[in-house]
Each structure stands twice: as C-alpha cells, then as structure tokens.
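Everything below concerns the one structure shown next.
Order of appearance sets the numbers: ligands from 1, and atoms from 1 within every ligand. These numbers come from a predicted model, not from an experiment.
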Amino acid sequence: MLWKGFLVCAALLALAECKAARSVGHEPRKFPDGFLFGTATASYQIEGAWDKDGKSPNIWDHMTHSDPCLIKDCSNGDVADDSYHLYKRDVEMMRELGIDYYRFSMSWTRLMPTSFSDYINPAGVEFYNNYINEMMKYNITPMVTLYHWDLPQKLQEMGGWTNPNIVDWYADYARTVYSLFGDRVKFWITMNEPNIVCYNGYGDTSMAPRLNLKGVAEYLCAKNLLMAHAKAWHIYDEEFRSTQGGTVSITLSSTWFEPEDKNNEDHVQAAEDSNQFDWGQYAHPIFSESGGFPPEMVKNIGAKSAAQGFARSRLPEFTEEEKAYVRGTSDYFGLNHYSSKLAYRNESAYGYHEAPSFFDDTDTVSYNLEEWKIGESDFVKVTPWGFYNILTKIRKDYNNPSVYITENGFATLGGLEDEDRITYYRSYLAAMLDAIDEGSDIKAYTAWSIMDNFEWMQGYTERFGLYEVDYSDPARPRTPRKSAFVYKEIVRTRTLDFDYEPDTTVMTIDEGH
Ligand code: BGC
C-alpha cells in the first residue's frame with residue numbers, strides 16, 4: 001500500500017526533497033545493530049493520584065480544577081490511567097511489546113511537595129522506586145524525564161519560568177532526583193519540549209499556565225529554562241557522572257517547516273527562519289559552534305523591538321559566559337517529532353500576526369495541507385518526508401550528533417483497528433531509516449505512547465496509545481491495538497516489514513522479558 005504522505009510529497013515538492021519516497025519499495029528493512037526501541041509517557045498524563053500520599057498541586061491540577069471546561073471534554077488528570085496504582089500492568093505491557101527502554105517523567109510535586117528540597121516525600125520516592133525496580137526486574141531500561149510540564153503551582157505563583165530563581169529551584173530538584181534514583185537510572189532528560197512550555201504556556205493560551213503574555217514572557221521563559229537545563233547538566237557532570245556513569249540530555253519538540261515554493265528565495269528563508277524559531281531556538285544554544293539564540297532570532301526580535309519602542313530587545317541575550325555555560329550541555333540530541341508545515345513570506349506575511357508576538361517576530365505564515373490528514377483526528381498530519389528532512393538538517397547543521405527519537409506517534413479517536421497509526425509509524429520509521437542510510441547517527445526510537453492518556457487540552461478525546469485505555473471503567477483496563485502487535489514485531493525482528501499482518505487474538509510476553 002502506498003501511503004498518502006509520499007504521494008503528496010511527490011505531487012507538491014520537488015522530487016529531490018522527497019528522498020524518503022524511495023522507501024516505498026517494501027523490501028523489509030533492517031535497523032542497525034544496537035538500535036534501541038522504546039515507548040513514552042509523562043507523569044501528569046498517566047499517574048492520577050493527584051493528591052494522594054502527600055503530593056501537592058501542579059499547574060495542571062490547578063488549571064483543570066479552576067476551570068474544568070478549558071479541557072475539550074471537561075476532564076482532568078486526577079485519575080488518568082491510574083498508573084500510580086497500576087504500574088505493574090504498565091510494566092507488563094512493556095514486556096509484551098518487548099521494548100528495550102521506557103521513557104517516563106517524574107512529578108516534581110509528588111517528590112518535593114513544598115517545591116523545594118527541604119522535604120522529600122517518602123511515598124513519592126517509593127512509587128518511583130517501585131516503578132523503576134519493576135522495569136529493571138524484566139530487563140527494561142528506565143529513561144527518566146525530570147520535567148514534562150507539571151510545574152509546582154507554588155512556583156508558578158512566583159513567576160514560574162519567567163523568574164530567574166527557577167534556575168536554582170530546578171537545579172535543586174534535579175540534584176535530588178539524581179541522588180535518589182541515579183544508581184539505577186542512566187538516561188536522564190532534563191526538559192520535555194521547551195518550546196511548548198514557553199510558547200504555549202507563556203506566550204499563548206494553549207497549555208497551562210495560559211499566560212498569553214505575547215512576545216515577551218515566552219522569551220524570558222526560554223532563557224531561564226535553558227539556563228536551568230544547563231545547570232542540571234553541569235550538576236550531573238560534576239557531581240554524579242563519575243560514580244553513576246549515565247547521560248543527560250534535553251528533548252526538543254520540532255515541527256519541520258518546508259518552503260511552500262522552493263524556487264522562491266523568500267519562501268526558503270521563511271522556512272529556515274521558522275525552523276530556527278521553532279526548534280533552533282533551543283538547539284542552537286546547546287548544539288551550535290557559536291552558542292546563544294539563533295542569529296535570525298536575535299536580529300529579527302532586536303529590530304522589531306526597537307521599531308516597537310521597547311527600550312531593549314524582547315529576547316534576553318545570553319552573555320558570553322552564559323553562552324559557554326549552555327553550549328555542549330547535552331549528551332545526545334533528544335528529538336520529538338510529529339509533523340510538518342509549509343511556510344512562505346510575501347507582503348501579506350508582514351502584519352499577518354498580532355504584534356508583538358512570537359509569530360509576528362518570524363514574519364512568516366505557515367500552514368498544513370488537508371491532504372496530509374489521514375483518519376479522523378486533526379491532530380497529526382502524515383508527512384514522513386519532513387522527518388527525513390529534519391534529521392538531515394540536524395546532521396548537517398550540528399556536526400552529526402547522536403540523536404534519540406524520544407517521541408513520535410499518531411492520534412486516532414479510539415478503536416482497536418488502528419490502520420492509520422500503523423501507516424504513520426511505518427512511514428516515519430522508513431524515513432528515519434533513509435536518514436540513517438545517509439549517515440545520521442540515530443540511536444533509538446520511542447513511540448508515543450504505550451497507552452492512551454490525558455492529551456492535555458484535548459483531554460481523552462485524542463488517543464495516541466498502542467494500547468487502548470477504557471476510561472469508563474474504574475479499573476482502567478488496557479487492551480492492545482493492532483498497532484501494538486505491529487510494533488512488537490518490529491522490535492522483535494529489528495526489521496520494518498510493510499507487509500506484516502499480525503494475529504491480534506492473543507498478546508504474550510516477549511521471550512527476552
Ligand atoms: C508531548 C506529549 C503529547 C504528545 C502528543 C508531545 O508534544 O510531549 O506530552 O501527549 O506530544 O500531543
């Protein structure tokens with residue numbers, strides 16, 4: 001079966017950019033030796049037990065309780081998948097899939113209910129010890145994200161990521177977590193998707209805390225978050241690495257922006273600028289030779305701020321010392337990727353977005369095409385060529401760093417027969433293999449998600465799981481979808497076979513687990 005993304009790619013874009021299209025040969029393709037497979041979740045999205053055993057509220061508890069119907073189905077994460085109680089079943093699913101590692105996040109307010117290190121909550125420590133030990137018993141490597149969006153509400157009330165003191169607050173949290181679990185956890189991710197934290201939460205209303213302080217707060221957040229990340233990396237490097245021997249990285253969200261017309265220089269520049277603003281904002285300070293925010297951002301935001309009458313650039317600069325402190329603070333490139341957009345710039349792009357704002361600062365317009373959609377959900381469009389393009393750009397721009405794909409996945413509206421998700425996964429894995437064939441050093445692939453979970457503002461309406469979760473049942477049963485069987489076979493054989501048809505009648509534990 002041909003999948004639509006490639007057809008659209010061929011129809012829309014110059015063929016040279018559609019190299020991933022050659023994956024449509026359907027010869028089974030092997031993954032490189034040592035390549036790792038995992039799945040991912042995040043604390044607020046699965047744990048539930050929002051106030052159990054001493055946990056204090058985070059910004060998602062606060063927001064969903066203050067104004068329940070901000071969430072599409074007026075739901076919240078109070079119970080979610082109840083992994084706080086059902087963690088053994090979670091590990092059983094990992095064993096069924098046969099995955100090498102499991103990426104999950106820790107809840108700051110479960111471990112440190114005051115937000116600070118004056119009190120460590122024993123029940124929180126016990127929960128994560130149990131989760132980690134249960135995984136390790138079955139040969140599944142834990143990969144821990146320190147921060148996946150659930151900031152202590154108390155810290156938010158003190159300005160959250162716009163308050164520079166958060167660099168120390170976060171560093172104390174990181175040090176505590178390394179000391180508690182670092183004897184067993186060797187893969188750390190400091191932050192999940194800084195751009196979503198800062199843009200959606202501070203510059204917009206699409207994530208907690210919905211501050212909507214456009215064109216200013218998201219940039220203050222970005223600098224503080226990068227400094228906090230860097231401090232957590234340095235702490236590990238100086239205080240823990242020699243005894244614990246692990247790695248610390250950051251995971252960036254990334255949309256790929258493709259020029260609407262590749263022969264139009266303005267469109268090409270618009271796409272480049274959009275890539276720099278979207279994920280270069282966080283990649284450049286850490287992975288580039290020169291450090292600091294991307295030059296495109298510094299120039300554009302500086303010029304616009306001056307024209308708008310601000311006394312200084314709305315983008316806080318890094319000092320030379322800070323640039324050096326942040327540069328190189330990631331042991332590999334953690335990449336979350338789902339989809340792409342087309343970008344253009346012409347007269348209409350100037351003044352298209354309200355000003356000041358992040359999008360006005362880019363002077364570009366971007367959109368996706370209806371043809372890229374498959375299935376019912378609007379959430380993720382199928383553009384595997386964009387995955388290939390971003391992996392190629394990372395290889396070229398940042399001297400071929402090791403890349404861990406820490407999320408990739410597809411939403412449906414539910415149901416066990418999820419052909420669209422299978423199509424998505426296969427096409428993106430093929431595009432990733434194309435990049436590997438051309439020299440990209442990609443070490444691991446993580447499917448988002450092992451099971452349905454609280455999908456932020458979409459509540460439980462959008463389903464990303466390889467396993468379906470029944471939210472009408474208090475026992476929150478998890479049932480494998482067809483895609484779970486397909487992923488299991490990919491992991492077992494370390495081969496991408498487009499023609500494989502699973503027997504979905506019985507799910508068994510994988511032999512190695
Ligand atoms: C986030 C996840 C989220 C997923 C699907 C990623 O950006 O890290 O928390 O559920 O996208 O929207």
Ser75 and Asp73 side chains, donor-acceptor separation under 3.5 Å: yes
For Lys341, salt bridge (Lys or Arg N to Asp or Glu O under 4.0 Å) partners two or more places apart: none
Salt bridge (Lys or Arg N to Asp or Glu O under 4.0 Å) involving Arg327 - partner list, sequence neighbours excluded: none
More than 12 heavy atoms from other groups under 6.0 Å of CD on Glu157: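 Yes, CD of Glu157 has more than 12 neighbouring heavy atoms, counting only those of other groups under 6.0 Å.
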From CD1 (Ile99) to CD1 (Ile490), nearest 0.5 Å: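 Answer rounded to 0.5 Å: 13.5 Å.
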All side chain to side chain donor-acceptor pair (under 3.5 Å) counterparts of Ser107, not counting sequence neighbours: none
Residues lining ligand 1 [heavy-atom distance under 4.0 Å, listed by chain and residue number]: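 The 4.0 Å shell around ligand 1 contains Gln45, His148, Trp149, Asn192, Glu193, Asn336, Tyr338, Phe379, Glu407, Trp448, Glu455, Trp456, Phe464.
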